[in-house]
Amino acid sequence: MSGHVFSQDHHPTLRHPDREAIGAELQAILVVLTDLALTGKHAHWNVIGPHFRSLHLQLDDMIDDWRTAADSVGERAVALGHPPDGRVATVAARTELPSLEAGPQPDGELIGHLTQILTEAIGNVRDRMDRLEDVDAVTADLLHGIVAKLEEQLWMIRVQGA
């Protein structure tokens with residue numbers, strides 16, 4: 001490159017105020033996904049009961065998906081010039097998701113709690129996705145995939161408690 005320097009504020013098609021709004025929505029979704037991953041690990045380590053093994057293994061897969069989704073959201077934010085904040089203190093201060101109690105998680109109760117947590121997470125991400133539909137189709141498409149995966153996970157958890 002012949003001495004041309006791009007500024008952090010450069011984006012070929014999105015106005016700065018739109019990028020700021022998108023970045024704020026992505027940050028909120030990053031908090032949701034990071035909280036899910038941390039909550040999932042807590043559940044993974046503490047699940048007890050006759051369905052321990054299947055839930056323990058299922059949670060591993062779900063946590064991997066949540067971490068991958070969080071990474072995609074964080075990278076999208078950076079691509080738009082918004083620095084994501086995935087620090088534990090930020091997640092703890094800003095999460096809107098219900099939390100699990102400390103200690104052992106009986107499998108039947110855990111299924112109910114995970115159903116509630118995933119339902120809230122989906123609602124949160126869907127609300128933000130809907131606000132971005134007309135502002136940035138690329139970000140909305142990313143969020144469509146995340147919501148689809150969360151809804152599939154909700155179904156697979158919920159049916160275990162039926």
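Values in this document were obtained by computation on a predicted structure and should not be read as measured data. Nothing fancy with the numbering, it's 1 onward along the sequence. Just so it is clear, the values below take in all heavy atoms, side chains as well, and ignore hydrogens, waters and symmetry mates.
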**Student:** For Asp85, check salt bridge (Lys or Arg N to Asp or Glu O under 4.0 Å) against everything at least two apart and list the hits.
**Tutor:** Arg87

**Student:** Can you find a side-chain donor-acceptor pair between His56 and Asp60 that sits under 3.5 Å?
**Tutor:** no

**Student:** When rounded to the nearest 0.5 angstrom, what is the spacing between CD in Gln105 and CZ in Phe52?
**Tutor:** 13.0 Å

**Student:** Side chains of Pro84 and Val73: does their closest heavy-atom pair fall under 4.5 Å?
**Tutor:** no

**Student:** Just by distance, do the side chain of Thr68 and the backbone of Asp64 share a donor-acceptor pair under 3.5 Å?
**Tutor:** yes

**Student:** Quick one: which residue pairs count as a side-chain hydrogen bond (donor to acceptor under 3.5 Å, both in side chains) with a foot in residues 21-38, not counting sequence neighbours?
**Tutor:** Glu25-Arg128, Glu25-Arg131, Asp35-Thr39, Asp35-Thr95

**Student:** Could you walk me through whether Arg76 and Asp141 satisfy the salt bridge (charged side-chain N to carboxylate O under 4.0 Å, His left out) test, starting with their C-alpha distance in whole Å, then the side-chain angles of each, then the deciding distance to 0.1 Å, before giving a yes or no?
**Tutor:** CA-CA 11 Å; Arg76 179 68 184 150; Asp141 283 349; over 6 Å; no

**Student:** Supply the atom-to-atom distance Asp61 CG to Trp66 CH2, rounded to the nearest 0.5 angstrom.
**Tutor:** 10.5 Å

**Student:** Any donor-acceptor pair under 3.5 Å linking the side-chain atoms of Gln153 with those of Gln58?
**Tutor:** no

**Student:** Determine whether Leu36 and Ile63 fall in the same hydrophobic cluster, where Ile, Leu, Val, Met, Phe, Trp and Tyr are linked whenever their side-chain heavy atoms lie under 4.5 Å apart.
**Tutor:** yes

**Student:** Answer yes or no: is there a side-chain heavy-atom contact under 4.5 Å between His44 and Leu57?
**Tutor:** no

**Student:** Return the minimal non-hydrogen interatomic distance between Arg158 and Thr115, and the atom names on each side.
**Tutor:** CA-OG1, 3.7 Å

**Student:** Could you identify which residues cluster with Val31, counting Ile, Leu, Val, Met, Phe, Trp and Tyr as linked when any side-chain heavy atoms lie under 4.5 Å apart, either directly or through a chain of such contacts?
**Tutor:** Val91

**Student:** Roughly how far apart are Leu33 CG and Asp71 CG, rounded to 0.5 Å?
**Tutor:** 11.0 Å

**Student:** Got a second to check how far Glu152's CD is from Asp65's CG, nearest 0.5 Å?
**Tutor:** 8.0 Å

**Student:** Do Leu142 and Met129 have side-chain heavy atoms sitting under 4.5 Å apart?
**Tutor:** no

**Student:** If two hydrophobic side chains count as joined below 4.5 Å and joins carry through other members, does Met62 share a cluster with Leu38?
**Tutor:** no

**Student:** Among Val125, Ile146, Ile122, Thr119, whose side-chain contact (heavy atoms from CB on, under 4.5 Å) with Glu151 holds?
**Tutor:** Ile122

**Student:** Test your reading of the model: is there a side-chain donor-acceptor pair from His42 to the backbone of Glu101, 3.5 Å cut-off?
**Tutor:** yes

**Student:** Please say yes or no: joined through hydrophobic side-chain contacts below 4.5 Å, possibly via intermediate residues, are Val47 and Leu100 part of one cluster?
**Tutor:** yes

**Student:** Under a 3.5 Å cutoff, is there a donor and acceptor pairing between the side chains of Glu133 and His144?
**Tutor:** yes

**Student:** Please determine whether residues Ile29 and Leu154 belong to a single hydrophobic cluster, defined as Ile, Leu, Val, Met, Phe, Trp and Tyr linked transitively by side-chain heavy-atom distances below 4.5 Å.
**Tutor:** yes

**Student:** Going hydrophobic residue to hydrophobic residue with side-chain gaps under 4.5 angstrom, can you get from Ile157 over to Ile48?
**Tutor:** no

**Student:** Minimum heavy-atom separation for Ile117 to Leu97, with atom names?
**Tutor:** O-CD2, 4.0 Å

**Student:** In Å and rounded to the nearest 0.5 Å, what is the CD to CG distance from Glu75 to Leu26?
**Tutor:** 12.0 Å

